[in-house]
There are 2 protein chains.
Amino acid sequence: MHIQETFRALADPTRREILMHLSRQEMTIGEVTDRFEITRAAVKKHLNILEEGQLISVHVQGRERINRLEAQGLSAVSDWIGYFNQFWDQRLGALKTAVEDAEAAKRKSIKGKI
Amino acid sequence: MHIQETFRALADPTRREILMHLSRQEMTIGEVTDRFEITRAAVKKHLNILEEGQLISVHVQGRERINRLEAQGLSAVSDWIGYFNQFWDQRLGALKTAVEDAEAAKRKSIKGKI
DNA sequence: ATTAAATGATACCATAAGGTATTATGTTAG
DNA sequence: CTAACATAATACCTTATGGTATCATTTAAT
């Protein structure tokens, strides 16, 4: 059960931003640090936490550590959220309406995967 | 942009458990407290944070406060995760394989909504 | 062999977070 | 009216968190 580590990792805005960067290309710690105004030590801590949440994987290459986005973490969060669908499907009134509204808004931004 | 408040709210295991309870039925603060071993004051703080994250809504009824699960927060998180799909679709190799595996596993648990 | 580059590992600091205890306030039942 | 109920608000405590600074280690380049 790594879901706690994953949610914890996603709770920090800097870490979510790191994931955004890594979604475009994998990077070394130094390259990630260049995109922020905090020290490399701080970035390293964030990367450790992202790894614990299975949101990234790290690959040692010589003296460098390549950080790569990993699907498992986000997939686990999607699954967790999916749990609520069964209840919403059965509910009535204002809540059901809210769900429908949310879905309508979402159809524009989600592709169906993850 | 309430996404930060939502992620923050989801980072705590007690709060996620509260959401699970509220998914089955709406409850007053006292009723939620009965399901945990912490004080009512602590539960109230959690409910405040869940409300800030738009994960629940609160409805005052006389001297009671009814806490109800709300779709907006989780929907926003789903959208945020959805952002990564476009990148994964274009990637090759081990990462792509991992995504496919994750999707295959997920088809069993997600319904397509939220 | 030496030096510079990239990272690892600690120690330390300030603030946020989760929790309790206590006191105050609004509501409903007799 | 008054007592019991449900919650609000505040103060306070302990630990977790995000951050820096410093020093050690490993690898690449000259």
Side-chain angles (χ1 to χ4, degrees), chain A residues 1-22 25-70 73 77, chain B residues 1-22 25-70 73 77:
Chain A
M1 291 327 186
H2 48 80
I3 196 70
Q4 171 55 36
E5 283 68 28
T6 305
F7 272 115
R8 181 227 182 184
L10 290 173
D12 183 86
T14 300
R15 286 195 287 268
R16 292 199 304 278
E17 203 178 334
I18 289 175
L19 291 180
M20 293 286 187
H21 285 300
L22 293 181
Q25 69 176 108
E26 50 188 40
M27 296 179 194
T28 64
I29 298 179
E31 288 171 333
V32 173
T33 303
D34 290 342
R35 268 98 176 157
F36 295 87
E37 305 222 313
I38 56 181
T39 63
R40 180 170 37 230
V43 169
K44 175 59 163 40
K45 281 191 185 179
H46 283 311
L47 292 170
N48 283 342
I49 293 173
L50 286 170
E51 191 179 9
E52 285 171 16
Q54 299 188 246
L55 289 160
I56 67 170
S57 59
V58 184
H59 306 269
V60 179
Q61 210 164 90
R63 63 180 164 185
E64 296 182 331
R65 283 170 72 90
I66 310 295
N67 299 279
R68 179 185 301 163
L69 185 65
E70 214 49 64
V77 171
Chain B
M1 286 333 209
H2 47 82
I3 196 71
Q4 170 55 35
E5 282 68 29
T6 306
F7 272 116
R8 180 226 183 186
L10 290 173
D12 183 87
T14 299
R15 286 195 286 269
R16 293 198 304 278
E17 203 178 334
I18 290 176
L19 291 180
M20 292 286 186
H21 285 301
L22 293 182
Q25 68 176 108
E26 52 187 40
M27 296 179 194
T28 64
I29 298 179
E31 289 172 331
V32 174
T33 304
D34 290 342
R35 269 98 177 156
F36 295 88
E37 306 222 312
I38 57 180
T39 63
R40 180 170 31 240
V43 169
K44 176 59 166 38
K45 281 191 186 178
H46 283 310
L47 291 171
N48 283 341
I49 293 173
L50 286 169
E51 191 179 10
E52 285 170 16
Q54 299 188 246
L55 289 160
I56 67 171
S57 60
V58 183
H59 307 271
V60 178
Q61 211 166 88
R63 63 181 163 184
E64 297 182 330
R65 285 170 72 92
I66 310 294
N67 299 279
R68 179 185 299 162
L69 186 64
E70 212 52 62
V77 171

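Naming: A, B, ... by sequence-line order, numbering from 1 per chain.
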Quickly work out the [X] [atom1] to [N] [atom2] distance and round it to whole Å.
{"X": "A:Ile66", "N": "C:dT7", "atom1": "CD1", "atom2": "P", "value": "8 Å"}
{"X": "A:Glu37", "N": "D:dT20", "atom1": "CD", "atom2": "C1'", "value": "15 Å"}
{"X": "B:Ile18", "N": "C:dG18", "atom1": "CD1", "atom2": "P", "value": "11 Å"}
{"X": "B:Phe36", "N": "C:dT20", "atom1": "CZ", "atom2": "P", "value": "13 Å"}
{"X": "A:Arg40", "N": "D:dA24", "atom1": "CZ", "atom2": "P", "value": "17 Å"}
{"X": "A:Glu17", "N": "D:dG18", "atom1": "CD", "atom2": "P", "value": "15 Å"}
{"X": "B:Ile38", "N": "C:dA21", "atom1": "CD1", "atom2": "P", "value": "13 Å"}
{"X": "B:Glu64", "N": "D:dA8", "atom1": "CD", "atom2": "P", "value": "11 Å"}

Q) Taking A:Gln25 for the side chain and A:Arg68 for the main chain, is one N or O donor matched with an acceptor at less than 3.5 Å? A) no
Q) Any sub-3.5 Å donor-acceptor pair from B:Arg16's side-chain atoms to B:Leu10's backbone N or O? A) yes
(Q) What's the closest nucleotide to the side chain of A:Ala41 if the choices are D:dT7, D:dA4, D:dA21? (A) D:dA21
Q: Go through C:dG8, C:dG26, C:dG19 for me and flag the one nearest to the B:Arg63 side chain.
A: C:dG26
**Q.** DNA chain D contacts made by residues 43-52 of chain A, counting heavy atoms under 4.0 Å
**A.** A:Lys45, A:His46, A:Ile49
Q: Identify the heavy atoms of A:Gly73 and A:Thr6 that sit nearest to each other, and give their distance.
A: O-CG2, 3.6 Å
Q.
Using every non-hydrogen atom in the two residues, find where A:Arg15 and A:Ala9 come nearest and quote the distance to one decimal.
A. NE-O, 2.8 Å
With respect to the phosphate group of [N], does any side-chain polar atom (N or O) of [X] fall under 4.0 Å of OP1 or OP2?
{"X": "A:Arg65", "N": "C:dG8", "result": "yes"}
{"X": "A:Arg8", "N": "D:dT17", "result": "yes"}
{"X": "B:Arg15", "N": "C:dG18", "result": "yes"}
{"X": "B:Thr39", "N": "C:dT20", "result": "yes"}

What distance separates [X] [atom1] from [Y] [atom2], expressed to the nearest 0.5 Å?
{"X": "B:Leu22", "Y": "B:Asn67", "atom1": "CG", "atom2": "CG", "answer": "6.0 Å"}
{"X": "B:Ile18", "Y": "B:Met20", "atom1": "CD1", "atom2": "CE", "answer": "12.0 Å"}
{"X": "B:Arg63", "Y": "B:Thr28", "atom1": "CZ", "atom2": "OG1", "answer": "11.0 Å"}

